[in-house]
Amino acid sequence: MKKIFTDDKRFYKTLITLAIPMILQNLITFSVGLADNMMIGSLGDSAVSGVYMGNQIQIALQVLSAGIEAAILLISSQYWGKRDTESIRKIFSIGLRISAILGLFFTTVCAVFPRQVISVFTKESGVINNGVEYLSIICFTYIFFCITQALIASMRSVESAKVGMVVSFCSLVIDVTLNYILIFGKLGFRAMGVRGAAVATLIARICETIIISTYVRFVDKKVQLRGRDLLKLDRTLLKDFIRYGLPLVAGQLVWGANLMANSIILGHFTESVITATSLANTINSLMYVAMNGVSGSIGIIIGKTVGSGDISRIKEYARTTQLILLSLGVVISLVFLAVRDPFISFYNITEESADYAKQFINVLRVTCIGTCYQAGSLMGLIKSGGDVSFVFKNDTIFVFGVVIPSAIITSICGCPAWVVYACLKCDQVLKCIPAFFKIRRYNWMKNLTRTNEK
């Protein structure tokens, strides 16, 4: 009889050791966003909606950056299983360069065309004005964000997860403190409103980059990345990075298109719906705090195990992982129920916006169970095991074949906003089916490393 839970104590020890700092880092990052939203929320619906729309570009950037980070994690963790630090340094260098170029591109576009960018998402003049005011400053954070995330992913791939938590904690303290001072005009500063929130985030992002760069250069002893490594380019590993990274980035592009469609479709509703969407998405981030931490740590374990060649253990790990993720989804659903009303009450919004927010969070209480299972399994097992194309194909089919068409149809037919919102989230449950059967086939375990040749 197959064991439901693996008896490998190293799995649980490593899972806890990696997951706790990653969850704490995600929680701190969530707290930064939550604090920002609550402070901005005191300025009214237009400010909340404007910052929400302004942050859609940040979300798109995060989606693409996550694809690069996933490539760094996937390839480097497998080389870490072989303890091939020379190849890991080269992968780090490639990922960092690509991330920096991505951040610079987004900064340039949004700095030159802020109003045109915001106008893609909404036609509400008050929302556009607040969004432009915010985006004109926040766009300069993008380059720092990309560099920081690439370096944090690099450290995670070699099981140094605590540094990300430290970086995020420093960012939390700086961002929240400056938000309070600049948004409301404390300690002799004038009240800057949404511009103050953007300036605070910019300063916090710069500090993040300085901290993680200092750690990688002077503290890390596992890989010992140096400035000269950034000047070298291994064309063979670059080809591997592109070969395995492109499906990951493409998958993130699909997910980014899905998020953009969410914003555009819901952005054509009233300001109250936009405000409610902002609140619902903020609380939905609480789910990703736990899910991404657990699945990310599982991914590192799986990648390292595949790279070391110890394939026999992975089937045990897969069964255990699925049960952990499913249980996590149920717990989060109960948490959503408990915190829904108190969370909404923190915001100075209209009663109509609050009612919409309750409806949207009720939808999330169902879909979060599916999200934890399928997204955690797809990222922690299938993608990290080396099958980089399945998730991309799966997401493409559901996003463009189910999610967006169903949301557009229900929107055109005049269905209630919560029905449209449910259509935009329906894939989180539907994708559980292919994820379950794909994992049972165990054809996703692929070693992507090369043997060093002198």
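When reading the values below, keep in mind they use all heavy atoms of this one structure, side chains included, and skip hydrogens, waters and symmetry mates.
- The neighbour count for Tyr288 OH, taken as heavy atoms of other residues, nucleotides or ligands under 6.0 Å away, is above 12.
- Summarising the geometry of Leu364 relative to Ala280, their closest heavy-atom pair is CD1-O, 3.4 Å, with the distance given to 0.1 Å.
- In this structure, the side chains of Ser272 and Thr350 come closer than 4.5 Å at one or more pairs of heavy atoms.
- Pairing each heavy atom of Leu253 with each of Val63, the nearest pair is N-CG1, 4.3 Å.
- Counting only distance, with no hydrogens or angles, the side chain of Ser353 and the backbone of Ile349 share no donor-acceptor pair below 3.5 Å.
- With a 6.0 Å radius and a threshold of 12 heavy atoms from other residues, nucleotides or ligands, Phe346 has its CZ atom at or below the threshold.
- Here CE of Met287 is found 6.0 Å from SG of Cys372. Values are rounded to the nearest 0.5 Å.
- Expressed to the nearest 0.5 Å, how far CD1 of Ile94 lies from CG of Asp229 amounts to 11.5 Å.
- By the 4.5 Å heavy-atom criterion applied to side chains, Leu424 and Val403 are counted as neighbours.
- Side-chain atoms of Ser278 never come within 3.5 Å of backbone atoms of Ile274 as a donor-acceptor pair (strictly under, hydrogens ignored).
- Nearest heavy-atom pair across Val294 and Ala19 is CA-CB, 4.5 Å.
- At most 12 heavy atoms of other shown residues, nucleotides or ligands fall within 6.0 angstrom of atom CZ in Arg243.
- At least one donor-acceptor pair under 3.5 Å links the side chain of Arg97 to the backbone N or O of Leu230.
- You'll find the side chain of Phe11 stays beyond 4.5 Å of the side chain of Thr305, heavy atoms only.
- Atom OG1 of Thr367 is separated from atom CD of Gln428 by 6.5 Å, given to the nearest 0.5 angstrom.
- Remark: the Asn262 side chain and the Tyr421 side chain contain no N/O donor-acceptor pair separated by less than 3.5 Å.
- In this structure, Ile314 and Trp444 have side chains that are in contact, with non-hydrogen atoms separated by less than 4.5 Å.
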Side chains of residues 162-172: which donor-acceptor pairs under 3.5 Å do they make with residues two or more places apart or in other chains?
from, atom 1, to, atom 2, distance (Å)
Ser168, OG, Gly164, O, 3.1
Ser171, OG, Glu208, OE2, 2.8

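- Tyr134 has its side chain out of reach of Arg195: every pair of non-hydrogen atoms, C-beta onward, lies at least 4.5 Å apart.
- Atoms CG and NZ, from Leu279 and Lys358 in turn, are 12.0 Å apart once rounded to the nearest 0.5 Å.
- No donor-acceptor pair under 3.5 Å is formed between the side chain of Thr85 and the backbone N or O of Ile88.
- Between Phe140 and Val199, the closest side-chain pair of non-hydrogen atoms is not below 4.5 Å.
- The backbone N or O of Gln78 lies less than 3.5 Å from no partner atom in the side chain of Thr449, so there is not a single donor-acceptor pair.
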Please tabulate, for side-chain N and O atoms in residues 112-121, each donor-acceptor pair with protein atoms closer than 3.5 Å (sequence neighbours left out).
from, atom 1, to, atom 2, distance (Å)
Arg115, NH1, Asn129, OD1, 3.4
Arg115, NH2, Asn129, OD1, 3.4
Ser119, OG, Arg115, O, 2.8

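- Under a 3.5 Å cut-off, the side chain of Ser93 and the backbone N or O of Arg89 do not form any donor-acceptor pair.
- At least one side-chain heavy atom of Asn362 sits less than 4.5 Å from a side-chain heavy atom of Arg340.
- With rounding to the nearest 0.5 Å, the separation of CD1 in Ile75 from CG in Leu448 is 7.0 Å.
- A donor-acceptor contact shorter than 3.5 Å is absent between the side chain of Glu69 and the backbone of Leu64.
- Remark: Glu159 does not engage Lys222 in a salt bridge, criterion side-chain N to carboxylate O under 4.0 Å.
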### Task
Go through the steps for Gln25 and Ile152 under the test side chain to side chain contact (heavy atoms under 4.5 Å, CB included), then give the verdict.
CA-CA 11 Å; Gln25 179 193 344; Ile152 288 176; 3.8 Å; yes
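- Between the Ser87 side chain and the Asp84 main chain, no donor and acceptor come within less than 3.5 Å of each other.
- Among all heavy-atom pairs drawn from Ile439 and Ser377, the shortest one is CD1-CB, 3.4 Å.
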### Task
Apply side chain to side chain contact (heavy atoms under 4.5 Å, CB included) to the pair Phe241 and Ile72, showing each step before the final yes or no.
CA-CA 8 Å; Phe241 195 95; Ile72 295 172; 3.9 Å; yes
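- Comment: Asp395 engages Lys431 in a salt bridge, judged by a side-chain N to carboxylate O separation of less than 4.0 angstrom.
- Side-chain atoms of Thr320 and Tyr12, non-hydrogen and from C-beta on, do get closer than 4.5 Å to each other.
- The CG atom of Asp175 sits 4.5 Å away from the CG atom of Asn179 when rounded to the nearest 0.5 Å.
- Classified by interplanar angle (parallel below 30°, tilted 30° to 60°, perpendicular above 60°), the ring pair Tyr142/Phe106 is perpendicular.
- Proximity of a side-chain donor or acceptor of Gln224 to a complementary backbone N or O of Asp220 within less than 3.5 Å is not detected.
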### Message
Please determine whether side chain to side chain contact (heavy atoms under 4.5 Å, CB included) holds for the pair Asn258 and Phe398, giving the CA-CA distance in whole Å, both sets of side-chain angles, and the decisive distance to 0.1 Å.
### Response
CA-CA 10 Å; Asn258 184 34; Phe398 278 101; over 6 Å; no
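- Leu182 approaches Phe189 most closely through the heavy-atom pair CD2-CD2, 3.9 Å.
- Minimum heavy-atom separation, Cys110 to Ile57: SG-CG2, 3.4 Å.
- At distances below 3.5 Å, not a single donor-acceptor pair connects side-chain atoms of Ser333 with backbone N or O atoms of Ile369.
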